[in-house]
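Structure, as structure tokens:
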Amino acid sequence: LGGHSDLLAGLVAGGAAPLEAVRRARRIFGAIADPQTAWLLERSLKTLPLRAERQAETALTLARRLEADPRVRAVSHPGLASHPDHARAADLARQSGGDGGLGLVAFRARSATAARELAAGVRRFSHAPSLGGVESLLCLPAFTSHALLTPAERAAEGIGPDLVRLSVGLEDAEDLWADLDQALGPA
């Protein structure tokens with residue numbers, strides 16, 4: 001929600017019984033953001049719809065190009081007709097009055113080596129396992145966000161060393177595509 005990678009805050013919602021553990025932990029750890037964090041979040045919420053729309057539009061553009069690229073084995077984005085949950089995502093978007101956009105794209109490089117070379121070759125994407133910032137990020141989940149899982153657990157979740165995840169920021173889609181294109185190497 002903050003979008004600027006400058007705060008940490010959250011919300012927990014649910015029924016009374018499941019939230020009892022959260023209530024107990026809150027007594028120990030606290031539950032109220034400090035004034036600066038609250039101000040940063042409030043400031044950022046004002047631009048959330050604009051940021052989310054731009055990120056989703058750019059992510060879908062990149063997903064479509066990656067899906068058509070022979071240097072990529074598979075692409076996962078619910079805005080693509082090839083995604084198994086595409087119809088459900090479109091239905092949820094209609095119900096919510098949004099466009100169903102999502103600023104994340106996952107894809108499989110030709111190999112684990114190709115994924116590592118891509119990660120090393122990008123210049124406009126920063127390397128980080130975070131999500132939703134104004135800057136575009138690239139990570140290899142098998143070595144970052146999911147590194148603590150066993151190889152079997154990662155495999156069960158479809159997370160291999162060839163998997164690349166993009167969290168698309170606010171940069172120009174053409175600039176981001178040019179970066180991915182050059183880093184993917186020859187066809």
Side-chain angles (χ1 to χ4, degrees), residues 1-11 13 33 37-69 71-72 74-109 115 118-146 157-159 162-184:
L1 296 176
H4 300 281
S5 304
D6 58 0
L7 63 90
L8 182 62
L11 168 81
T37 298
W39 179 83
L40 289 170
L41 183 57
E42 190 272 335
R43 169 214 60 188
S44 298
L45 285 172
K46 293 174 184 173
T47 62
L48 178 60
L50 297 171
R51 288 184 285 115
E53 181 180 346
R54 171 70 180 263
Q55 290 166 313
E57 179 182 295
T58 301
L60 184 56
T61 296
L62 296 177
R64 287 177 175 150
R65 289 183 183 177
L66 288 163
E67 186 175 49
D69 196 304
R71 299 169 294 180
V72 173
V75 179
S76 179
H77 186 284
L80 298 174
S82 61
H83 192 280
D85 294 320
H86 175 70
R88 179 72 176 134
D91 186 48
L92 287 171
R94 279 190 295 278
Q95 290 177 27
S96 69
D99 65 359
L102 177 67
L104 302 175
V105 179
F107 66 94
R108 295 198 174 282
L118 170 72
V122 292
R123 300 291 176 254
R124 294 196 179 266
F125 288 85
S126 296
H127 296 259
S130 188
L131 309 170
V134 295
E135 64 285 331
S136 291
L137 305 175
L138 177 148
C139 80
L140 304 178
F143 306 105
T144 56
S145 59
H146 294 74
E157 296 296 325
I159 299 168
D162 62 336
L163 184 66
V164 179
R165 186 182 71 208
L166 307 176
S167 176
V168 178
L170 300 180
E171 302 90 348
D172 182 73
E174 295 305 317
D175 291 342
L176 293 175
W177 174 249
D179 191 29
L180 288 171
D181 185 40
Q182 64 81 28
L184 281 165

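Throughout, residue positions are numbered sequentially from 1 according to the sequence presented. What you are looking at is a predicted structure, and each value in this text was computed from that prediction instead of being measured.
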### Query
Does any non-hydrogen side-chain atom of E67 lie less than 4.5 Å from one of V72?
no
### Query
Taking atom CZ of R71 as the centre, does the number of heavy atoms from other residues, nucleotides or ligands within less than 6.0 Å exceed 12?
yes
### Atom of L102, atom of H77 and distance for their closest heavy-atom approach
O-NE2, 3.1 Å
### Message
Could you report the tightest heavy-atom contact between L62 and A173, atom names first, then the distance?
### Response
CD2-O, 4.0 Å
### Message
Using side-chain contact (heavy atoms from CB on, under 4.5 Å), reason through L66 and L184 one step at a time and then give a plain yes or no.
### Response
CA-CA 10 Å; L66 288 163; L184 281 165; 4.1 Å; yes
#### Entry: Side-chain heavy-atom pair P141, E157 within 4.5 angstrom cut-off
no
### Query
Can any side-chain N or O of S136 pair as donor or acceptor with the backbone N or O of G169 at less than 3.5 Å?
yes
### Summary
Nearest heavy-atom approach of S145 to R165 is OG-NH1, 3.6 Å
#### Entry: Within 6.0 Å of CG in L1, more than 12 heavy atoms from elsewhere
no
### Message
Keeping Q55 on the side-chain end and G133 on the backbone end, is there a donor-acceptor pair under 3.5 Å?
### Response
yes
### Query
Where do D179 and G121 come nearest, in terms of heavy atoms and distance?
OD1-O, 4.2 Å
### Task
Taking the side chain as every heavy atom from C-beta outward, state whether R88 and P78 have any atom pair closer than 4.5 Å.
no
Let me have the donor-acceptor pairs involving side chains of residues 4-11, under 3.5 Å, with sequence neighbours excluded, atom names and distances please.
{"unit_1": "S5", "atom_1": "OG", "unit_2": "E135", "atom_2": "OE2", "d": "3.0"}
{"unit_1": "D6", "atom_1": "OD2", "unit_2": "R43", "atom_2": "NH2", "d": "3.1"}

### Message
Working note: F125 + L118, criterion side-chain contact (heavy atoms from CB on, under 4.5 Å); need CA distance, chi angles, decisive distance, verdict.
### Response
CA-CA 11 Å; F125 288 85; L118 170 72; over 6 Å; no
### Message
Between T58 and D172, is there a side-chain heavy-atom distance shorter than 4.5 Å?
### Response
no
### Task
Could you tell me which non-hydrogen atom of G158 sits nearest to which non-hydrogen atom of L163, and how far apart they are?
O-CD2, 4.1 Å
### Task
Could you tell me the separation between the CD atom of E171 and the CG atom of L176, rounded to the nearest 0.5 Å?
5.0 Å
### Query
Would you say the side chain of R51 lies within less than 4.5 Å of the side chain of L48, judging by non-hydrogen atoms?
yes
### Task
Please report the closest heavy-atom contact between A115 and A109, naming both atoms and the distance.
N-CB, 3.7 Å
### Query
What residues form a salt bridge (Lys or Arg N to Asp or Glu O under 4.0 Å) with D162, not counting sequence neighbours?
R73, R108
### Message
Would you say that L137 contacts H127 through its side chain, given a criterion of any heavy-atom pair below 4.5 Å between the two side chains?
### Response
no
### Task
With side-chain contact (heavy atoms from CB on, under 4.5 Å) as the test, would you mind laying out the steps for V164 and L140 before giving the verdict?
CA-CA 5 Å; V164 179; L140 304 178; 3.7 Å; yes
### Task
Identify, with sequence neighbours excluded, every residue that meets salt bridge (Lys or Arg N to Asp or Glu O under 4.0 Å) alongside R65.
E174
### Message
Please determine whether side-chain contact (heavy atoms from CB on, under 4.5 Å) holds for the pair L166 and L180, giving the CA-CA distance in whole Å, both sets of side-chain angles, and the decisive distance to 0.1 Å.
### Response
CA-CA 10 Å; L166 307 176; L180 288 171; 3.9 Å; yes
### Task
Would you give the length of the straight line joining atom CZ of F143 to atom CD1 of I159, rounded to the nearest 0.5 angstrom?
11.5 Å
